[in-house]
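Report on the structure given below.
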Amino acid sequence: MRARLDITKAAPDAYRAVAALDRFVVKESGLEARYIHLIKLLASHLNGCAYCVDMHIREARHTGLSDQWINLVNVWRESPVYSDAERAVLGWTDALTRLADTRAPDEAFEPLKAHFTDEQIANITVAISTINVWNRVTVGLRTLHAVAAETAAA
């Protein structure tokens with residue numbers, strides 16, 4: 001697989017705009033890092049974004065999350081390692097990432113209200129939307145993660 005183009009060079013203003021939204025999510029939204037990691041990991045897996053999965057696994061490990069917690073994101077419904085609040089975030093992430101199929105049902109939204117304020121729910125929704133933008137940019141432009149880029153250059 002070859003990269004199609006580098007967005008940072010082709011459209012630097014567009015890149016900076018998405019990066020600014022991501023900075024808000026990570027630094028200003030007030031969401032706990034573990035929720036942001038869940039959102040980024042699950043959406044990236046669902047969207048088949050190797051670049052983002054690779055990056056967000058490394059980031060989650062760097063912040064001290066266990067390999068088991070990270071590795072079971074894809075099968076979160078079958079694993080007891082996630083709290084009810086984490087499950088609510090994962091369910092909403094799944095529903096919004098698969099929006100065309102799910103239509104964001106009440107069954108995915110309602111569990112959030114037991115654990116989060118309206119502002120937090122809004123910020124969780126923005127976080128999910130932001131990683132979906134990154135996934136579409138990265139998959140669409142065939143951005144390669146570090147190992148693949150090194151292999152492709154060889």
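FYI, side chains are in, hydrogens and waters are out, and symmetry mates aren't considered; it's all heavy atoms of this structure. Positions are given from 1, in the same order as the sequence printed here.
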Is the number of heavy atoms from other residues, nucleotides or ligands under 6.0 Å of [X] [atom1] greater than 12?
| X | atom1 | result |
| --- | --- | --- |
| Asp118 | CG | no |
| Tyr82 | OH | yes |
| Glu78 | CD | yes |

At their closest point, which heavy atom of [X] faces which heavy atom of [Y], and how far apart are they?
| X | Y | value |
| --- | --- | --- |
| Leu96 | Ile128 | CB-CG2, 3.7 Å |
| Arg34 | Ser83 | NH1-OG, 3.9 Å |
| His145 | Ala50 | CD2-CB, 3.7 Å |
| Leu41 | Ala60 | CD1-CB, 4.3 Å |
| Arg4 | Gly140 | NH1-O, 2.7 Å |

>> Testing the 3.5 Å rule here: is there a donor-acceptor pair between the side chains of His56 and Glu59?
In response: yes
>> If the test is side-chain hydrogen bond (donor to acceptor under 3.5 Å, both in side chains), which one of Asn47, Asn135, Asn132, Thr102 qualifies with Thr97?
In response: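 It is Asn132, the one option of Asn47, Asn135, Asn132, Thr102 that forms the side-chain hydrogen bond (donor to acceptor under 3.5 Å, both in side chains) with Thr97.
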Is there a donor-acceptor contact under 3.5 Å from the side chain of [X] to the main chain of [Y]?
| X | Y | value |
| --- | --- | --- |
| Arg61 | Ile57 | no |
| Asn123 | Ser29 | yes |
| Arg77 | Gly91 | no |

Using 0.5 Å steps for rounding, measure from the [atom1] atom of [X] to the [atom2] atom of [Y].
| X | Y | atom1 | atom2 | result |
| --- | --- | --- | --- | --- |
| Ile7 | Tyr15 | CD1 | OH | 8.5 Å |
| Met55 | Thr138 | CE | OG1 | 7.0 Å |
| Leu5 | Arg142 | CG | CZ | 11.5 Å |
| Leu90 | Leu38 | CG | CG | 4.5 Å |
| Leu65 | His37 | CG | NE2 | 5.5 Å |
| Ser79 | Trp69 | OG | CH2 | 11.0 Å |

Using a 3.5 Å cut-off and no angle test, enumerate the donor-acceptor pairs between side-chain atoms of residues 103-113 and protein atoms at least two apart in sequence or in another chain.
unit_1, atom_1, unit_2, atom_2, d
Glu110, OE1, Lys113, NZ, 3.2

>> Is there a continuous path of hydrophobic side-chain contacts, each under 4.5 Å between heavy atoms, that joins Leu72 to Leu46?
In response: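 Yes, it is one cluster - the side chains of Leu72 and Leu46 are joined through contacts under 4.5 Å.
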> For the hydrophobic clusters of this structure (ILVMFWY residues joined by side-chain heavy atoms under 4.5 Å, transitively), does one cluster hold both Val53 and Val139?
Replying inline: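 In one cluster: no.
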> Can you name the ring pair (Phe, Tyr, Trp, His ring centres under 6.0 Å) partners of Tyr51, sequence neighbours left out?
Replying inline: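 Checked Tyr51 against ring pair (Phe, Tyr, Trp, His ring centres under 6.0 Å); zero matches.
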Donor-acceptor pairs under 3.5 Å, side chain of residues 19-26 to any protein atom, not counting sequence neighbours: which ones?
unit_1, atom_1, unit_2, atom_2, d
Asp22, OD1, Lys40, NZ, 3.2

